[in-house]
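Values below: all heavy atoms of this structure, side chains included; hydrogens, waters and symmetry mates excluded. In what follows, chains carry the letters A, B, and so on, assigned in the order in which the sequence lines appear, proteins first and then strands, with residues in each chain numbered from 1.
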2 protein chains.
Amino acid sequence: MDLTEANELIINSLKKNYIITIFCSCSVEYTGRAKSYIARGDRLIIIKHDGTVLVHKPDGRSPVNWMPSKTFISPIIEDEMLTIKCSNSGEAMNAKIFEVYNITAAPLLDIEQLRINGTESDMSNMIYANPTLISEDFVPSSREEQTKYGFLDVFGHNGKGELVIVECKRYTASLDAVTQLRRYVERVKKTRGVKKVIGVIAAPNISNNAAKMLNDWGFTYKSINPPDRFPEKEKSQRKIKEFY
Amino acid sequence: MDLTEANELIINSLKKNYIITIFCSCSVEYTGRAKSYIARGDRLIIIKHDGTVLVHKPDGRSPVNWMPSKTFISPIIEDEMLTIKCSNSGEAMNAKIFEVYNITAAPLLDIEQLRINGTESDMSNMIYANPTLISEDFVPSSREEQTKYGFLDVFGHNGKGELVIVECKRYTASLDAVTQLRRYVERVKKTRGVKKVIGVIAAPNISNNAAKMLNDWGFTYKSINPPDRFPEKEKSQRKIKEFY
DNA sequence: ATATAGATCTCGTCA
DNA sequence: TGACGAGGTCTATAT
């Protein structure tokens, strides 16, 4: 397709707030949070009506380059190339198009929103509703709340005056999860001025190193699967006991 | 476009390993790592030759639904709808297409790879090459290495026999950054059997809470801008001294 | 606007 | 293959 023709089509489609897909050969340079460059190759460029721009290689899940919504987009013919100039406050991306194979533009209407479950939030709700998943004596008092101690997945006590903090993870709990729990436990200890706070990791699995660190810090692990997931494969089940 | 015709076009394009874009009205259900559903709306579906599938709403940077590469894709006419059935080990996504506005399919060839700089890795390299950025007496001995102590951004000593660990962050250092540093410091202390290890956060900014935690743990903060970035705005500069 | 933490995170790397 | 950490992460939420 002729580049001048392509340029006009893009400009008209931008005016109409169409979503635009461009099959083309292009190079892309980016400056902003980092700097990047990719030499000429065949790619798919997507321009959305909110100013989002995506550049996709022929494979891979993630765009090789992109600009977030509210980006200012101005296509221009320059040096016999069609350059899509994109900029916002602090970032700039230029896609230099050498050849256009196809342009499609259309208005798309979508007022629906994704409904999802099986998230970490659902997991903490499940635990809140079924506290015996943690222990027989666990009494939850808040869930997923920005308390003055910070954001705690599930917070409560054990009926003996000891506070309990549960940190949920949907997958294998890592060192990060344990340090996170530790941070929460210490904050509550400090704020409440108590010596003992029970810290619990609730996750389907826990990594070897994380389990060791958990043990070092006197926390406990409870194997819990998040709701609405495929059952874990047996081989990936870890036995927490082996670490004690 | 007729759904049967669309179905055949998709099947043929899949056989040829083309990248396929579908402007359509569809609903999408997903089961796997979570469960999700989005009701009928206009969307752009992208199928790549490596088995990646993306479903994009008319706005927003991220796909509303997706399947990773190596997904098995089988389009089928069912109940007067064109369903794109996608599955791999553990996940399944079905896009039920009610109406097709446009299908474009083409072979794209791209052998180029993105070259990028200004990452955290570049930042640790910069510090390694210019140790006085941290302090006058800092002597780095390794950078970004998976040592037996774990992954350390920059590791060295101060010439007085005291070990120094530098954790780099490209943006405002958060509580997470401090807990991470703390984990590294303790690991090195334990492994080397020394009482004192100097922990340093190198970042352009640090959050208020992170600075307090840093102070509590006796670590230090050094304001350093990562290379190849736009200069920080003055207003966003934090004064570390106010926390001490 | 900043801070915080999750995500169907994705992606690379290294043991 | 799992573990670990970065990312131009993105996104939502709370302050």
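Shown here for B/M67 and B/S87, the closest heavy-atom pair between the two residues is CE-CA, 3.8 Å. Smallest separation of non-hydrogen atoms from A/P140 and A/F138: CD-O, 3.6 Å. Taking every heavy atom of both residues into account, A/D176 and A/T179 meet most closely at O-OG1, 2.8 Å. Considering all non-hydrogen atoms of both residues, A/A39 and A/S27 come closest at C-CB, 4.0 Å.
Counting non-hydrogen atoms of other residues, nucleotides and ligands closer than 6.0 Å to CZ of B/F98 gives a total above 12.
If you check distances only, the side chain of A/E120 never reaches the base of C/dG6 with a donor-acceptor pair under 3.5 Å. Residue side chain A/N65 reaches the base of D/dG8 through a donor-acceptor N/O pair under 3.5 Å, judged by distance alone.
Summarising the geometry, the separation between CG on A/N205 and P on D/dA3 is reported as 8 Å, rounded to the nearest angstrom. For the pair A/R170 CZ and C/dC9 C1', the interatomic distance rounds to 10 Å; values are reported in whole Å. Atom P of nucleotide D/dG7 and atom NZ of A/K35 are separated by 17 Å, given to the nearest angstrom. Computed from coordinates, the A/L152 CG to C/dG6 P distance equals 11 Å when rounded to whole Å. A/M213 has its CE atom 16 Å from the P atom of D/dA3, to the nearest Å. Rounded to an integer number of Å, the gap from CG of B/D176 to C1' of D/dG5 is 11 Å. In this structure, A/Y184 places its OH atom 10 Å from P of C/dT4, rounding to the nearest Å. The separation between A/F151 atom CZ and C/dG6 atom P is 7 Å, rounded to whole Å.
Contact check on A/K35 versus B/D122 returns no salt bridge, with no Lys/Arg side-chain nitrogen under 4.0 Å from an Asp/Glu carboxylate oxygen. Taking the charged nitrogens against the carboxylate oxygens, A/R40 and B/E112 have no contact shorter than 4.0 Å, which rules out a salt bridge.
Within the 4.0 angstrom heavy-atom criterion, no nucleotide atom of any strand lies near B/V28. Residue B/T119 is in sugar-phosphate contact alone, with no base atom involved, counting any heavy-atom pair closer than 4.0 Å across all strands shown. Residue-level contact check: A/M67 touches the bases, meaning some heavy atom is under 4.0 Å from a base atom.
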Would you tabulate the side-chain donor-acceptor contacts of residues 44-56 of chain B under 3.5 Å, counting partners in other chains and residues two or more places apart, or write 'none'?
from  : atom 1 : to    : atom 2 : distance (Å)
B/K48 : NZ     : A/H56 : ND1    : 2.8
B/K48 : NZ     : A/K57 : O      : 2.8
B/K48 : NZ     : A/D59 : O      : 3.4
B/K48 : NZ     : A/G60 : O      : 2.8
B/D50 : OD1    : B/T52 : N      : 3.1
B/D50 : OD1    : B/T52 : OG1    : 2.9
B/D50 : OD2    : A/G60 : N      : 2.8
B/D50 : OD2    : B/T52 : OG1    : 3.1
B/H56 : ND1    : A/K48 : NZ     : 2.7

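For the pair B/N208 and C/dT2, the criterion of a side-chain N or O lying under 4.0 Å from OP1 or OP2 is not met. Between D/dT9 and B/Y171, a contact under 4.0 Å exists linking OP1 or OP2 to a side-chain N or O. Between A/W66 and D/dT9, a side-chain N or O to OP1/OP2 separation shorter than 4.0 Å is absent. Contact annotation: A/K169 does not reach the phosphate of C/dA7 (side-chain N/O to OP1 or OP2, under 4.0 Å). Side-chain N/O atoms of B/S207 include one lying less than 4.0 angstrom from OP1 or OP2 on C/dT4. In this structure, B/R183 reaches the D/dG5 phosphate: one of its side-chain N or O atoms is under 4.0 Å from OP1 or OP2. For C/dG6, the OP1/OP2 oxygens have a side-chain nitrogen or oxygen of A/Q180 closer than 4.0 Å. At least one side-chain nitrogen or oxygen of B/R33 sits closer than 4.0 Å to the OP1 or OP2 atom of C/dC9. Taking 4.0 angstrom as the limit, B/Y30 places none of its side-chain polar atoms (N or O) nearer than this to OP1 or OP2 of C/dA7.
Remark: the separation of the P atoms in D/dT11 and C/dC11 is 15 Å, to the nearest Å. Rounded to a whole angstrom, the distance from the P atom of C/dT8 to that of D/dC4 is 22 Å. For the C1' atom pair drawn from D/dA6 and C/dA7, the interatomic distance equals 15 Å after rounding to whole Å.
For the segment residues 46-62 of chain A, no residue has any heavy atom less than 4.0 angstrom from an atom of DNA chain D.
Two residues, A/S36 and A/A210, neighbour DNA chain D, and the one matched to the more 5' nucleotide by heavy-atom proximity is A/A210. The nearest heavy atom of DNA chain D to A/V64 and to A/L175 marks one nucleotide each, and the one closer to the 5' end goes with A/L175.
Under the salt bridge (Lys or Arg N to Asp or Glu O under 4.0 Å) criterion, A/R143 pairs with no residue at all, not counting sequence neighbours.
The side chain of A/M93 sits closest to D/dG8 out of D/dG5, C/dT8, D/dG8.
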